[in-house]
Amino acid sequence: MSDDVRVRAAPAPSGSLHVGNVRTFLYNWLHARHTGGKFVLRIEDTDTSRFTEEAYHAVLEDLRWLELDWDEGPEVEGPHAPYRQSQRTDLHKRAAEQLLADGAAYRCYCTKQELDERRQQAMAEKRRPGYDGRCSRLTAGQIEAFEAEGRASVVRVRVPNVGQSTYEDLVIGEVKTDLEQIDDFAIVRSDGAPLYHLAVVVDDGMMQINHVIRGDDLLSNTPKQILLHAALGNPVPRFGHLPQVLGPDRKPLGKRHGSTSIADFREAGYLPDALVNFLALLGWGTADDTIMNREDLIARFKIGDVHPSPAMFDTKKLDWMNGEYIRLLSDDELTRLVTPFYLKAGLIGESPSPQEQAKIEAATPLIKTRIRRLDEASALVRGLFGRVDIDQQAGAKVLGADHVGELFTRTTQALGAVQPWDKENVEAALRAVAEEMGLKPRTAFAPFYVAVSGSTVSAPVFDLMTLIGRDECLARIALAQEFSRALQA
RNA sequence: GCCCCCAUCGACCAGCGGCCUAGGUCUCCACCCUUUCAAGGUGGCAACACGGGUUCGAAUCCCGUUGGGGGCACCA
């Protein structure tokens, strides 16, 4: 039982999750699923001023969208509830009292101002700017005097200043820290609010988390947490530190890199499976396989194989991979997924008519190999849902050619005779005209792309023409004919 | 200033002392296919940061340099 892996994700709810954090959660999730352990979700919402209920729900929604399911946590609950840190402060305070009683911690009466001054002085003298531990040496009389004075105090942990803290990191390997480098850190604020290190350690301990996998920005804090676990009498969990996810400028991925939240990726038309696959490969990989579904990932992922060096978030590869996943979709699935994007692009209304619905479905096989993100689809099939203004550049480039007038005239005649109006016949008619005029296919058909789609880039034109019908086709060709004449004049 | 972590093609990974003439994927380039754009197929360019060791043998182990990142809070 106690051998079962228990990991956790501990997001601070500040809106839609950032891809870097998601990668961390994913690795926790994969580690839990690979080992048959439990994945716990705990919301670290202690800083109530910064976090909203809305942001909290956004986090849960992101995880659900990504299909990273949690075994214990908000809404599913579990034996270690509550799973919101803000509801656990009493537990944290009690732990602090215990540490105080055991002598593992002490009250520090230095004021914020005093600490700031000393820190600045230390910096000026090029010394390490940490706390010097003076309140740990207070006499009973001095403490009494401070208390009588009504001085506020923080609670600090006594950290020995000799010796080393050593642990075996799951991804980095052995990590040694001289305890001299760690000063007596605060665990409770002067207003009584428990601080981060206390809260995590207490919660991880009570929730029996035995593998802590997190970003390496917490690496140098790990000895503190190991100390705290020991002081609290907890079994010390194993730690694994994941390197940063970098932006294209090789700086840690952040807000200034633009759209990096899960909500952004969802809106741009990335699929959760693609994102999961891609993120899994950011810091880990196999010799041969790139496209791996969740089962593959779970089967092959080993936390010990994670690369200890930082990885750059490369959108190009994500785009490619997303395209691969789109092509893996059935037509029905793809239709269902792109429809909201057509709505957003204004191609269709809230509740499409049967005719519109038929077009939506007919468009799917036409876009499937042509998009890498769902939001790219509407541009390719816009002409299917209504007339599109001719793009000036495309028009000038294609419709200005000498053969265009005759091509349009002859084609109009040919299309008038097509019977029945289906793709084979439409295509045959156009090819026949091209051949009569001795035109290469690409020069013969380009004008029709512009006439029908307004652009030279779109879904295949024979399909579009067939779908919009003869009358509409002839009308658009007539319009393009005018455009062409205007150019000649 | 002090401490810690990291270092293979442009990018992501493989490599755990000989299988390495360093492999795969994305990107890029060329060609093929082709109604545009894609998709698909074939081929190509491209890397062990540097310097010292250890060893019969090093991309792999050790040390240093350089470069990148993180930390040193009554933030998380």
Side-chain angles (χ1 to χ4, degrees), chain A residues 10 12 14 44 46-47 50 85 108 110-112 115-116 119 122-131 152-156 169 171-173 175-178 180-183 185-193 195-197 199-200 215-223 241 243-244 246 248 250-252 278 281-291 305 307-321 323-324 327 366-372 376 379-380 394 398 427 430-431 434 440-446 448-450 453 455-463:
Chain A
S14 48
E44 309 222 317
T46 21
D47 191 346
R50 277 169 55 194
Q85 205 161 57
C108 164
C110 298
T111 65
K112 186 137 194 169
L115 293 171
D116 282 348
R119 186 173 303 123
M123 296 279 251
E125 293 169 15
K126 311 218 176 212
R127 284 183 293 113
R128 209 164 50 79
Y131 181 66
S153 62
V154 303
V155 178
R156 289 184 184 278
D169 193 280
V171 345
I172 293 168
V175 179
K176 285 186 189 166
T177 312
D178 290 327
E180 192 194 349
Q181 295 300 323
I182 301 169
D183 34 65
F185 57 99
I187 52 173
V188 178
R189 279 203 316 221
S190 56
D191 64 1
L195 258 359
Y196 171 74
H197 289 303
V200 220
D216 73 358
D217 47 330
L218 269 328
L219 183 61
S220 26
N221 286 313
T222 303
H241 288 91
Q244 317 265 6
L246 272 22
R250 301 239 120 224
K251 301 286 183 201
F278 176 75
L281 260 25
L282 223 54
W284 173 82
T286 63
D288 35 17
D289 289 316
T290 303
I291 300 290
D305 291 342
H307 212 142
S309 67
M312 197 168 112
F313 192 91
D314 178 16
T315 323
K316 287 218 179 89
K317 190 163 184 175
L318 207 212
D319 284 347
W320 164 77
M321 188 172 279
E324 293 289 306
R327 271 164 249 133
L366 304 181
I367 58 164
K368 202 173 204 173
T369 59
R370 281 171 245 270
I371 59 171
R372 294 181 306 173
E376 293 168 344
L380 296 176
V398 172
E427 178 170 353
L430 291 188
R431 284 191 188 279
K440 282 188 197 162
R442 60 185 313 125
T443 49
F445 302 141
F448 296 101
Y449 276 89
V450 176
S453 304
S455 154
T456 52
V457 177
S458 90
V461 73
F462 305 142
D463 294 275

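Within every chain, numbering begins at 1; the chains are lettered A, B, ... in the order of the sequence lines, protein sequences first and strands thereafter. All heavy atoms count here, side chains included; hydrogens, waters and symmetry mates do not.
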**OP:** Identify, with sequence neighbours excluded, every residue that meets side chain to side chain donor-acceptor pair (under 3.5 Å) alongside Asp116(A).
**Re:** Arg119(A)

Subject >> Whole-angstrom distance between G43(B) and C48(B), as gauged at atom P >> reply: 25 Å

Original post:
Would a distance-only check, ignoring hydrogens and angles, find a side-chain to backbone donor-acceptor pair under 3.5 Å from Ser453(A) to Ser455(A)?
Top reply: no

Original post:
Which one is paired to G1(B), where only Watson-Crick or G-U wobble pairs with both distances under 3.5 angstrom count?
Top reply: C72(B)

**OP:** Write down the distance separating the P atoms in C9(B) and C5(B), rounded off to the nearest Å.
**Re:** 22 Å

Subject >> 5′-ward residue of the pair Arg327(A)/Val457(A) relative to RNA chain B >> reply: Val457(A)

Subject >> Inter-nucleotide C1' distance (A14(B), G51(B)), Å rounded >> reply: 27 Å

Subject >> Rounded C1' spacing from G1(B) to G18(B) in Å >> reply: 46 Å

Any N/O pairs under 3.5 Å between the protein and nucleotides 14-22 of chain B? List them or say none.
| from | atom 1 | to | atom 2 | distance (Å) |
| --- | --- | --- | --- | --- |
| A14(B) | OP2 | His307(A) | ND1 | 3.2 |

**OP:** Assign Pro308(A) to base, sugar-phosphate, or nothing according to its heavy-atom contacts below 4.0 angstrom with the strands shown.
**Re:** sugar-phosphate

Subject >> Pairing residues for Asp305(A) by the salt bridge (charged side-chain N to carboxylate O under 4.0 Å, His left out) criterion, not counting sequence neighbours >> reply: none

Subject >> Protein-nucleotide distance (Leu380(A), atom CG; U35(B), atom P), rounded to Å >> reply: 18 Å

Subject >> Check: Val154(A) and Tyr131(A) side chains under 4.5 Å, non-hydrogen atoms >> reply: no

Subject >> C50(B) pairs with, by Watson-Crick or G-U criteria that keep both distances under 3.5 Å >> reply: G64(B)

Original post:
Is any side-chain nitrogen or oxygen of Arg442(A) closer than 4.0 Å to OP1 or OP2 of U34(B)?
Top reply: no

**OP:** Report the distance from atom CG of Asp178(A) to atom P of C2(B), rounded to the nearest whole Å.
**Re:** 15 Å

Subject >> Complementary nucleotide of A22(B), counting Watson-Crick and G-U pairs under 3.5 Å >> reply: none

**OP:** For G15(B) and G23(B), measure between their P atoms and round to the nearest Å.
**Re:** 15 Å

Original post:
Taking atom P in both A11(B) and C16(B), what distance in whole Å separates the two?
Top reply: 23 Å

Subject >> Watson-Crick/G-U partner (both atom distances under 3.5 Å) of C37(B) >> reply: none

Subject >> Residue list, side chain to side chain contact (heavy atoms under 4.5 Å, CB included) with Ala311(A), at least two apart or on another chain >> reply: Leu282(A)

Original post:
How is His241(A) classified with respect to the nucleic acid when contacts are heavy atoms under 4.0 Å: base, sugar-phosphate, or nothing?
Top reply: nothing

Subject >> Distance, rounded to the nearest Å, where Asp314(A) contributes CG and G10(B) contributes P >> reply: 13 Å

**OP:** Run the numbers on Phe278(A) and Phe313(A) for ring-ring contact (aromatic ring centres under 6.0 Å, His included), then give the verdict.
**Re:** CA-CA 9 Å; Phe278(A) 176 75; Phe313(A) 192 91; 5.3 Å; yes

Subject >> Ala446(A): partners by side chain to side chain contact (heavy atoms under 4.5 Å, CB included), with sequence neighbours left out >> reply: Val398(A)

**OP:** Kindly point out which of C12(B), U27(B), U36(B) is positioned nearest to the side chain of Arg370(A)?
**Re:** U36(B)

Original post:
Can you name the residues that form a side chain to side chain donor-acceptor pair (under 3.5 Å) with Thr222(A), not counting sequence neighbours?
Top reply: Arg214(A), His241(A)

Original post:
So what does Thr290(A) hit on the nucleic acid, given a heavy-atom distance under 4.0 Å: a base, only sugar-phosphate, or nothing?
Top reply: sugar-phosphate

Subject >> Those residues that, when tested against Ala394(A), pass side chain to side chain contact (heavy atoms under 4.5 Å, CB included) (two or more places apart) >> reply: Asp391(A), Val450(A), Thr456(A)

Original post:
In the 5'-to-3' direction, what one-character label does each nucleotide of nucleotides 67-75 of chain B receive under the scheme B = base within less than 4.0 Å of a protein heavy atom, S = sugar-phosphate only, - = no such atom?
Top reply: --SSSBSBS

Subject >> Selection from C13(B), C26(B), U35(B) that lies nearest to any side-chain heavy atom of Tyr449(A) >> reply: U35(B)

Original post:
Can you name the residues that form a side chain to side chain donor-acceptor pair (under 3.5 Å) with Gln181(A), not counting sequence neighbours?
Top reply: none

Subject >> Sugar-phosphate only, base, or nothing, as touched by Thr456(A) at under 4.0 Å among non-hydrogen atoms >> reply: base

Original post:
Roughly how many Å is it from CD in Glu324(A) to P in C26(B), rounded to a whole number?
Top reply: 8 Å

Subject >> Gap in Å between the two P atoms, one belonging to C37(B) and one to A30(B), rounded >> reply: 14 Å

**OP:** Hunt down the Watson-Crick or G-U wobble partner of G43(B), both distances under 3.5 Å, from any strand shown, or write none.
**Re:** C29(B)

Original post:
Gln85(A) near the nucleic acid: base, sugar-phosphate alone, or nothing, with a heavy-atom cut-off under 4.0 Å?
Top reply: nothing

